[in-house]
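Structure, as structure tokens:
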Amino acid sequence: MCRIERMTNTIITSVILISFCLVIVSCAPTVKVESPKEPITINLNIKLDADIRVKLEEEAKKDIAANPDIF
């Protein structure tokens with residue numbers, strides 16, 4: 001009789017422990033990562049105009065100096 005009571009107590013304790021663990025796991029917060037519906041746009045207002053002009057002007061001066069009869 002004592003053996004059956006120990007066995008039922010062990011089973012009941014195990015069931016309670018398992019159900020407690022399931023309750024704790026089911027209450028854990030979840031994090032969902034979703035891609036945006038619209039594309040990500042990055043607007044960089046960079047003005048590269050001045051640097052390009054200087055390089056082109058230097059090359060143009062060299063070309064004109066090398067070939068003065070082009071223009």
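Keep in mind it's a predicted model, so treat the numbers as computed, not measured. Nothing fancy with the numbering, it's 1 onward along the sequence.
Note that CD1 of I18 and OG1 of T13 are 11.0 Å apart. Values are rounded to the nearest 0.5 Å. Taken from CG in N9 to CZ in R6, the straight-line distance is 10.0 Å, to the nearest 0.5 Å. One distance of note links NZ of K62 with CG of N67; it measures 14.0 Å at 0.5 Å rounding. To the nearest 0.5 Å, the span separating CD1 on I16 from CD1 on I11 amounts to 12.0 Å.
The hydrophobic cluster containing V15 also contains M7, counting ILVMFWY residues as joined when their side-chain heavy atoms lie under 4.5 angstrom apart, directly or transitively.
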